[in-house]
Protein chains: 2
Amino acid sequence: MLKDLQYIKQTLAGHGLKVTHQRMVIYQVLQETDTHPAAEGIYEKIKKKNPSISLGTVYKTLEVFVEKGLIKKINTSEGNMRYDARMDIHNHIYCTNTKEIIDFKDDELDMLVRDFFKRKKIGNFNLKEFRLHISGEKIDPGKHIEIT
Amino acid sequence: MLKDLQYIKQTLAGHGLKVTHQRMVIYQVLQETDTHPAAEGIYEKIKKKNPSISLGTVYKTLEVFVEKGLIKKINTSEGNMRYDARMDIHNHIYCTNTKEIIDFKDDELDMLVRDFFKRKKIGNFNLKEFRLHISGEKIDPGKHIEIT
DNA sequence: TCTTTGTTGATAATTATTATTATTTATTTT
DNA sequence: AAAATAAATAATAATAATTATCAACAAAGA
Ligand SMILES: [Mn+2]
Ligand SMILES: [Mn+2]
Ligand SMILES: [Zn+2]
Ligand SMILES: [Zn+2]
């Protein structure tokens, strides 16, 4: 899913953000990857081509993206934050062994849960969203997890 | 749900832990409360009656409890850890406004999801558990959330 | 061009948490 | 019971992740 620069520019601008090189490249990294990286990881990847970038800028920029609804911030059980460019509602599979986070989306499951909460009401509460956190361990850490 | 000291002693001992005053009082605080406090909060509560206790001890003790399967450690979307004395599998409702975490357990929902994963298999993955994270906002922050 | 405003990089500060270690307390051995 | 051993605690230092500060820089507007 290679996004061209034009698309990225439009996306940033469309969210009310001034287009800068740093923002472009940070957003691009997040688009290209599905590993839900931490700020540090994004920073390391960018530094190769762009050694002058600052880690603080990465943090700041990611925070701005989150505020503008461009990306999501997700928290791991290890306590550090990871970032996710996928904005559709979906769930995460955590491997407690490799610390990987894998996306998991299933319409049937969504319906099932949404349906449940149509019946079961939570009083004095404005439900925004629900996510399923699935955790376990990869059997063969070398191979991929596959959802069938 | 007032637990007497005898019960707490037995629980600690039953999990292979030496019974100390600090452990007793830390575990007691967690038992008495349903607010999923952070280490700091537990520490503050204990300090009143027991001013000599150290924050490091609270952290250490909580970690020991988690390892022994006495309590659970849960992570908030703000990134800091909270502790939960409830050990049965259950879900959490997060209020993004008050930062409260409220327990939510429903057998029908559990079945629904468990059932789903009996059909939908995740390959190369040993599923340990799934939890539903429900987030939203309290409508009246002064009042309680009620599950009907 | 001058002025204003927003962004970045360098760096300092903060927060949550963990590690270290001497002291205290509990348990076992003599 | 006294001595020896082991475990737990308090005080403190260290670390990691993240946020704040601020001067330099860049873009946009007048
Ligand atoms: Mn995601
Ligand atoms: Mn819980
Ligand atoms: Zn994702
Ligand atoms: Zn709970």
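A, B, ... follow the sequence lines: proteins, then strands. Residue 1 opens every chain.
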Exercise for the section: Output all residues satisfying ring pair (Phe, Tyr, Trp, His ring centres under 6.0 Å) with Phe117(A), sequence neighbours left out; order by chain, then residue number. Expected result: Phe130(A), Phe104(B)
Handout entry: DNA chain D contacts among residues 42-51 of chain A, heavy-atom distance under 4.0 Å
Key = none
Problem - Residue pairs, two or more places apart or on separate chains, that pass salt bridge (charged side-chain N to carboxylate O under 4.0 Å, His left out) and touch residues 50-63 of chain A - result: Glu63(A)-Lys73(A)
Problem - Test side-chain contact (heavy atoms from CB on, under 4.5 Å) applied to Asn97(B) - qualifying residues, sequence neighbours left out - result: Cys95(B), Glu137(B)
Fill in the blank from the handout: Residues passing the side-chain contact (heavy atoms from CB on, under 4.5 Å) test with Lys18(A), sequence neighbours excluded, are Arg23(A)
Exercise for the section: Please name all residues satisfying side-chain contact (heavy atoms from CB on, under 4.5 Å) with His144(A), sequence neighbours left out, ordered by chain then number. Expected result: none
Handout entry: Side-chain N,O (Gln22(B)) to OP1/OP2 (dT25(C)) below 4.0 Å
Key = no
Could you write out each protein N or O paired with an N or O of nucleotides 21-28 of chain D at a distance under 3.5 Å?
none

Practice task
Would you mind reading off the distance between His21(A) atom NE2 and dG6(C) atom C1', rounded to a whole angstrom?
Solution key: 18 Å
Completion exercise
By side-chain hydrogen bond (donor to acceptor under 3.5 Å, both in side chains), Thr33(B) pairs with (sequence neighbours left out) Thr35(B)
Exercise for the section: Kindly write out the residues that satisfy side-chain hydrogen bond (donor to acceptor under 3.5 Å, both in side chains) with Glu129(B), not counting sequence neighbours, or none if the list is empty. Expected result: Arg131(B)
Completion exercise
Rounded to whole Å, the CZ-P distance (Arg23(A) to dG9(C)) equals 11 Å
Exercise for the section: List in chain and number order the residues that pass side-chain contact (heavy atoms from CB on, under 4.5 Å) with Ile102(B), two or more places apart in sequence or in another chain; answer none if no residue qualifies. Expected result: Ile93(B), Glu100(B), Ile145(B)
Practice task
Could you state the atom-to-atom distance from CZ of Phe65(A) to C1' of dT18(D) in whole Å?
Solution key: 18 Å
Practice task
Mind checking Thr57(A) for me? I need base, sugar-phosphate or nothing, with any heavy atom below 4.0 Å counting as a touch.
Solution key: base
Handout entry: Any Ser54(A) side-chain N or O less than 4.0 Å from OP1/OP2 of dA10(C)
Key = no
Exercise for the section: Determine, for Glu108(A) against Arg119(B), whether the closest basic-nitrogen to carboxylate-oxygen distance falls under 4.0 angstrom. Expected result: yes
Would you mind writing out the side-chain donor-acceptor pairs for residues 43-51 of chain B within the sub-3.5 Å range, not counting sequence neighbours?
{"residue": "Asn50(B)", "atom": "ND2", "partner": "His21(B)", "partner atom": "NE2", "Å": "2.8"}

Completion exercise
Rounded to whole Å, CD1 of Ile53(B) lies from C1' of dT23(C) at a distance of 16 Å
Exercise for the section: Verify the contact: side-chain N or O of Ser52(B) to OP1 or OP2 of dA10(D), cut-off strictly under 4.0 Å; return yes or no. Expected result: yes
Exercise for the section: Take nucleotides 15-21 of chain C nucleotide by nucleotide from the 5' end and write B, S or -, depending on whether a protein heavy atom sits under 4.0 Å from the base, only from the sugar-phosphate, or from neither. Expected result: -SBB---
Practice task
Could you state the atom-to-atom distance from OH of Tyr27(A) to P of dT7(C) in whole Å?
Solution key: 18 Å
Handout entry: Asp88(B) and Arg86(B) ion-paired at < 4.0 Å
Key = yes
